[in-house]
Amino acid sequence: MRAMERCHFNETIRFFYNNSGKELTSHWRPKDVLVVALGLTVSVLVLLTNLLVIAAIASNRRFHQPIYLLLGNLAAADLFAGIAYLFLMFHTGPRTARLSLRSWFLRQGLLDASLTASVATLLAIAVERHRSVMAVQLHSRLPRGRVLLLIAGVWGTALVLGLLPPRVWHCLCALDRCSRMAPLLSRTYLAVWALSSLLVFLLMVTVYARIYFYVRRRVQRMAEHVSCHPHYRETTLSLVKTVAIILGAFVVCWTPAQVVLLLDGLGCESCNVLAVEKYFLLLAEANSLVNAAVYSCRDAEMRRTFRRLLCCLRRAPHCTPSSHAGAARLVLPENGQPLMDSSL
């Protein structure tokens, strides 16, 4: 009973923002307008690009493979992230003060769940690519049931992290634990989220490093038995480029947000996290736009499908599906199996 008396379930949003020292304005400032304008632009682009990816995968039977199911799930997660961020843009700035506690937790939960699903799917794609390359296959023979189970696990994790804050990791009963960036959440939650994302990145680095060194060793062995075929050098260079783009995009988009989340979660009083949080969150959201380019547009067959769909939208009757092979591949003389593809 005493614990319940110390809780603040009936307080307003302004009460918690004042407690954390986060400014809550009643009018639109230039920087608020800028953030919302950029946020709406990014959200619309995220929605359009990921809808195009989903439509391409659904319309092309060649994409009914485990890796493309995961790419479709990544597009769905990023589409969800675009919707969540769009919802945030319509409930931010001066509108924040008018939110109820339930609406605020809904806004935060949608964002956390969608970004968690996107990051978890990136790791799942890395694991699938590792399995495929180690088995010297263009596409993994992972059973469809296991892929669907993996996808269900991704969304289950996202749902848990989306529901935990309003149920467990809030600070309504412990005001001294409230974060500054998210004044209704515990600092512990922010620290755990940031460390989890860092762990995912380290796992991705490990997986892609194993893929790279495996492919390089295999290419070197093949080069010893086959006259210097240009495809061997091209394969290694393409692999390095793809891995650099994947990891580089993750670092650029996610590291700033992870750093400020971790600093706030650790209670750094001298760190001015509030000055940059909105821009770093926008950068993290932009990763949902980058994913479509990194994981889909590098696939030749996917690009052809995009063109066909866009032609259909323009009602151009001369646009027909391409019959060319899908992704670029290297065929090994040992067993005739492709070593890698451009959707790595």
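Atom CE in Met181 sits 6.0 Å away from atom CG in Leu190 (nearest 0.5 Å). One finds the CG atom of Leu106 at 9.5 Å from the CG atom of Leu99 (value rounded to the nearest 0.5 Å). Here Ile83 contributes atom CD1 and Leu88 contributes atom CG; the two are 14.0 Å apart, rounded to the nearest 0.5 Å. Distance OG/Ser20 to CZ/Phe15: 9.5 Å, rounded to 0.5 Å. Within the model, atoms CZ of Arg98 and OG1 of Thr12 stand 13.5 Å from one another, a figure rounded to the nearest 0.5 Å. Atom CG of Leu52 and atom CG of Leu309 lie 6.0 Å apart (nearest 0.5 Å).
Although no hydrogens or angles enter the test, the distance criterion places no donor-acceptor pair under 3.5 Å between the side chain of Asp32 and the main chain of Pro94. Checked by atom type and distance alone, the side chain of Ser197 pairs as donor or acceptor with a backbone atom of Trp193 at under 3.5 Å. No donor-acceptor pair under 3.5 Å is formed between the side chain of Asn60 and the backbone N or O of Ala56.
Note on Ile54 and Leu48: separate hydrophobic clusters, where clusters join Ile, Leu, Val, Met, Phe, Trp and Tyr whose side-chain heavy atoms are under 4.5 Å apart, directly or indirectly. Residues Val207 and Trp254 fall within the same hydrophobic cluster, defined by Ile, Leu, Val, Met, Phe, Trp and Tyr side chains chained together at heavy-atom separations under 4.5 Å. Leu38 is connected to Leu45 through a chain of hydrophobic side-chain contacts under 4.5 Å among Ile, Leu, Val, Met, Phe, Trp and Tyr, so both are in one cluster. Both Leu24 and Leu34 belong to a single network of hydrophobic side chains, linked directly or stepwise wherever heavy atoms of I, L, V, M, F, W or Y lie under 4.5 Å apart. No single ILVMFWY cluster, assembled from side-chain heavy atoms under 4.5 Å apart, contains both Leu195 and Leu199.
Scanning all heavy atoms of the two residues, the minimum distance from Glu128 to Pro66 falls at OE2-CB, 4.1 Å. Here the closest non-hydrogen pair linking Phe9 and Cys7 is CE1-CB, 3.3 Å. Residues Leu261 and Ala194 approach most closely at CB-CB, 3.9 Å, considering heavy atoms. Closest heavy-atom contact between Leu115 and Ala81: CD2-CB, 4.3 Å. What you find for Gly39 and Tyr85 is that their closest heavy atoms are CA-CE2, 3.5 Å. Closest of all the heavy-atom pairs between Ile57 and Tyr68 is CD1-O, 3.4 Å.
Counted by atom type alone, Asp112 and Tyr189 present one or more donor-acceptor pairs between their side chains at under 3.5 Å.
Of the residues listed (Asp264, Val260, Asn19, Leu263), the one engaging Arg180 in a side-chain contact (heavy atoms from CB on, under 4.5 Å) is Asp264, and it is the only one. Checking each of Asn50, Thr49, Leu122 against Asn291 for a side-chain contact (heavy atoms from CB on, under 4.5 Å) leaves exactly one that passes, namely Leu122.
The shortest side-chain heavy-atom distance between Cys178 and Leu185 does not fall under the 4.5 Å cut-off. With a 4.5 Å cut-off on side-chain heavy atoms, Thr188 and Trp169 count as touching. Looking at heavy atoms from C-beta onward, Ser59 lies in side-chain contact with Arg308 at the 4.5 angstrom threshold. Inter-residue side-chain proximity for Leu101 and Phe16 is flagged as met; some heavy-atom pair is nearer than 4.5 Å. When side chains are defined from C-beta on, Glu277 counts as touching Leu274, because their heavy atoms get closer than 4.5 Å. Within the 4.5 Å cutoff, no side-chain heavy atoms of Phe90 are placed close to those of Val36. Inter-residue side-chain proximity for Phe87 and Leu111 is flagged as unmet; no heavy-atom pair is nearer than 4.5 Å. In this structure, the side chains of Leu123 and Met204 come closer than 4.5 Å at one or more pairs of heavy atoms.
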Practice problem: Verify side-chain contact (heavy atoms from CB on, under 4.5 Å) between Leu184 and His170, making sure each step is shown before the conclusion. | Solution: CA-CA 6 Å; Leu184 276 69; His170 59 73; 5.7 Å; no
Practice problem: Assess whether side-chain contact (heavy atoms from CB on, under 4.5 Å) is satisfied between Phe105 and Leu172, documenting all intermediate values. | Solution: CA-CA 12 Å; Phe105 277 120; Leu172 304 186; 4.2 Å; yes
Self-check item: Derivation and outcome, side-chain contact (heavy atoms from CB on, under 4.5 Å), residues Phe306 and Val53
Solution: CA-CA 8 Å; Phe306 287 161; Val53 172; 3.8 Å; yes
Quiz item: Hey, mind stepping through Leu79 and Val46 against side-chain contact (heavy atoms from CB on, under 4.5 Å) and telling me if it holds?
Solution: CA-CA 6 Å; Leu79 181 68; Val46 167; 6.0 Å; no
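By the 6.0 Å contact criterion, CG on Asp176 is enclosed, its count of non-hydrogen atoms from other residues, nucleotides or ligands being greater than 12. Counting non-hydrogen atoms of other residues, nucleotides and ligands closer than 6.0 Å to CZ of Arg29 gives a total above 12. Heavy atoms of other residues, nucleotides or ligands lying less than 6.0 angstrom from CZ of Arg107 number more than 12.
Taking the six-membered ring where the residue is Trp, Trp104 and Tyr17 present perpendicular rings, their angle passing 60° and hence far from 30°.
With sequence neighbours excluded, the residues satisfying side chain to side chain contact (heavy atoms under 4.5 Å, CB included) with Val290 are Ala249, Cys253, Asn287, Val294.
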Atom pairs and distances, side-chain donor-acceptor, residues 150-167, under 3.5 Å, sequence neighbours left out:
{"from": "Trp155", "atom 1": "NE1", "to": "Asn73", "atom 2": "OD1", "distance (Å)": "2.6"}
{"from": "Thr157", "atom 1": "OG1", "to": "Gly153", "atom 2": "O", "distance (Å)": "2.9"}

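Ion pairing between a basic and an acidic side chain is recognised when a charged N comes within 4.0 Å of a carboxylate O; Arg304 and Glu301 show such pairing.
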